[in-house]
Number of protein chains: 2
Amino acid sequence: MELRHIRYFLAIAEEKNFTRAASKLHIAQPPLSQQIKDLEYELGTPLFHRTPHGAELTDAGAAFFEAVKVLPLQIRQAKEAAQKAAKGETGKLRLGVTGTAALHPAIPAVIRQFRRRYPEVELTIEEANSLALAQGMLTDRLDAAILRPSDPDPKTLTIEHFLTEQLVIALPSAHPLARDTNAINMLALQQEPFIMTPRSLAVSLHDAVVAVCHAAGFEPIEGQAAPQIASILSMVSAELGISLVPESMRQLSVKGVVFRSIGDTASKVELAVAYPSLHPSQPALNFAAVVRQQKSAREALLAE
Amino acid sequence: MELRHIRYFLAIAEEKNFTRAASKLHIAQPPLSQQIKDLEYELGTPLFHRTPHGAELTDAGAAFFEAVKVLPLQIRQAKEAAQKAAKGETGKLRLGVTGTAALHPAIPAVIRQFRRRYPEVELTIEEANSLALAQGMLTDRLDAAILRPSDPDPKTLTIEHFLTEQLVIALPSAHPLARDTNAINMLALQQEPFIMTPRSLAVSLHDAVVAVCHAAGFEPIEGQAAPQIASILSMVSAELGISLVPESMRQLSVKGVVFRSIGDTASKVELAVAYPSLHPSQPALNFAAVVRQQKSAREALLAE
DNA sequence: ACATGTTGATATGTTTTAGATATAAATATG
DNA sequence: CATATTTATATCTAAAACATATCAACATGT
């Protein structure tokens with residue numbers, strides 16, 4: 001039995017007439033009779049009473065009709081389900097976000113935009129450092145991530161730049177330099193211990209901090225290591241040292257910590273969207289597309 | 001899209017391997033690849049990731065799988081539904097029973113047997129006189145009936161004899177002849193008015209009564225006409241006359257009525273099963289078969 | 001490292017079968 | 001009773017499913 005038999009059977013059941021059904025099916029009447037004959041042979045029972053004015057269902061035909069009438073709709077829905085999944089309109093997106101990015105207002109904006117555009121995609125968000133995110137994507141635990149890119153990232157990931165932000169200085173509020181709200185010259189910090197995330201966990205942030213110091217002409221004194229942004233700020237608050245953090249951290253107001261701009265040296269850290277190069281899921285590609293679109297919108301806004 | 005595509009797709013999804021799926025489907029591997037390619041083209045998206053060690057579902061493939069995995073079962077069930085209906089194991093039987101037959105113990109036995117043999121058939125029973133039953137079958141209100149056959153029944157009905165029963169005399173209990181429990185000679189009744197169903201409603205019963213009188217050598221005096229068996233007996237009870245009724249009526253004990261056997265003359269009325277000759281429903285044929293079987297059983301029992 | 005055995009894809013020929021055309025048989029209808 | 005319906009049958013054609021042979025890609029094991 002093939003779907004053709006079902007389609008032909010249903011057409012005759014509806015038209016109650018072989019000839020009309022055949023023309024509706026865009027075939028001639030003899031092959032239609034033939035196909036129904038084959039179907040009846042396979043079922044072992046006639047499905048229609050043939051009369052000189054058409055055809056009507058037998059009891060067996062009526063029972064068969066009840067069982068198969070939903071099939072064409074089911075087939076159409078199966079097709080649509082496959083196509084929606086292929087377009088990434090259904091399914092799931094396991095998204096990773098690096099800890100120091102979640103506070104940037106562009107990130108929730110991107111996520112909001114994605115949810116609006118793809119409401120049927122089940123979205124789960126995981127927060128971790130950039131290294132863990134990269135590994136998550138390679139081990140198929142994550143589909144895409146917002147992270148701070150680093151050049152030595154393996155070629156197995158596709159990374160698309162999203163935005164660049166400045167670094168700012170996080171100071172204990174009791175620090176002498178905190179009295180002034182003006183920008184601070186980096187050289188004034190060359191004796192301070194720098195609280196940093198270990199390079200192994202967040203390559204690009206670490207390197208950016210070091211680069212700023214080098215540009216100012218000194219090597220930073222490495223103070224306490226801290227794996228997450230929250231712990232950095234509480235260490236600053238505890239007066240264990242100072243830190244350079246992305247400016248979006250200003251969103252976070254922590255007691256005993258003030259932020260100051262860098263006065264003399266240019267600095268930048270990047271946020272990017274990443275997904276596996278090998279078999280990226282369609283929702284991941286769609287998410288990257290939303291990021292690109294948001295990036296254009298941001299840049300148009302900044303250019304005004 | 002044809003069911004072949006679904007079957008092939010499901011086989012590969014299960015085996016996760018084109019070659020193994022092909023041998024399971026008893027076809028070679030190239031046509032299988034070709035069919036899947038065609039299916040993917042129709043859906044507009046790949047369904048499998050081909051790898052050097054087999055094939056696994058894409059997201060679209062997984063969505064398609066969820067939608068079509070029940071189809072083979074559904075097709076099988078549709079087939080079975082048609083076959084059961086064709087065998088008369090499902091559907092309905094609208095059965096008519098003539099009023100003077102319902103009391104014969106063989107009738108409930110037949111119905112009980114049919115219900116046991118065809119438990120999924122919806123059975124409705126209607127009681128009416130033989131004429132109404134015959135018309136009901138010709139106007140497709142009834143599928144089969146137990147009735148008292150009469151020769152002039154149109155050739156549009158198939159009638160199969162079931163059993164023959166004797167007539168007995170129904171007397172008011174105050175009647176002088178009721179004092180004796182012996183059989184009564186018909187000639188003793190030639191002055192009594194006979195309460196009868198009109199010939200137009202129950203040809204064979206009427207004719208049988210008249211035949212018994214003729215055999216005894218007299219013309220019965222027609223008394224009150226009564227359409228149903230219950231009214232005959234209450235008229236006898238009211239001493240409006242006497243009546244000849246099928247012996248199964250002895251089951252009915254009506255106050256003021258006694259039954260006596262006919263002493264001298266042979267008499268018989270028949271019960272038969274009937275169904276339309278033109279398009280008998282399978283349940284009707286099955287019912288007739290149960291009647292035949294019950295008839296054999298009865299005759300074997302009586303022959304002992 | 002390289003031969004070997006997997007995998008699925010491609011090319012081409014054969015066979016099956018769906019469908020077309022022509023016609024017949026059956027049965028209502030004017 | 002002729003005519004216009006209906007579905008069924010016979011025969012042919014064209015499409016498509018399938019088979020065989022072969023290839024290309026990749027993993028694996030000596």
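Naming convention: chains lettered A, B, ... in sequence-line order (proteins, then strands); numbering from 1 in each chain.
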Within the structure, does a side-chain N or O atom of [X] lie under 4.0 Å from either OP1 or OP2 of [N]?
X: A:K37; N: D:dT7; result: no
X: B:N17; N: C:dT6; result: no
X: B:R50; N: C:dT7; result: no
X: A:Q35; N: C:dA18; result: yes
X: A:S33; N: D:dT7; result: no

message = If you assign B:T51 and A:P52 each to the DNA chain C nucleotide with the nearest heavy atom, which residue ends up on the more 5' nucleotide?
response =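 Comparing both residues, the 5'-ward one is B:T51.
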
task = Let me know, please, whether B:G54 or B:P31 comes out on the 5' side of the other along DNA chain C by nearest nucleotide.
result =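 Result: B:G54.
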
request  = Give A:Y8 one of three labels, base, sugar-phosphate or nothing, depending on what nucleic acid heavy atoms sit under 4.0 Å from its own.
outcome  =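 Sugar-phosphate contact only.
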
task = Just call it for A:T19: base, sugar-phosphate, or nothing, with non-hydrogen atoms closer than 4.0 Å on any strand.
result =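 Counting heavy atoms under 4.0 Å across all strands, the contact made by A:T19 includes a base.
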
Checking contacts here: which listed nucleotide ([options]) is nearest the side-chain heavy atoms of [X]?
X: A:P30; options: C:dA20, D:dT20, C:dA22; result: C:dA22
X: B:R4; options: C:dA20, D:dA17, C:dA11; result: D:dA17
X: A:Q29; options: C:dG8, D:dA8, C:dA18; result: D:dA8

ask   = In whole Å, what is the span from the CG atom of B:L3 to the P atom of C:dA18?
value =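 Between P of C:dA18 and CG of B:L3: 13 Å.
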
key: A:K69 with A:E14: basic N within carboxylate O range, under 4.0 Å   =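 So A:K69 does not pair with A:E14 through a salt bridge.
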
task = Scan side-chain atoms only and decide if A:Q282 and A:E89 contain a donor-acceptor pair under the 3.5 Å cut-off.
result =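 Side chains of A:Q282 and A:E89: no pair found under 3.5 Å.
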
inquiry  = Side chains of B:S277 and B:T156 only: does a donor on one sit below 3.5 Å from an acceptor on the other?
reply    =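 Their side chains do not contain a donor-acceptor pair, so the 3.5 Å distance test is not met.
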
message = Here's a test of your reading of the structure: between B:E2 and A:K16, which maps to the more 5' nucleotide of DNA chain D?
response =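 Nearest-nucleotide comparison on DNA chain D picks A:K16.
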
message = Parallel, tilted or perpendicular: which one describes the rings of B:H279 and A:H49, with boundaries at 30° and 60°?
response =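 B:H279 and A:H49: tilted rings.
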
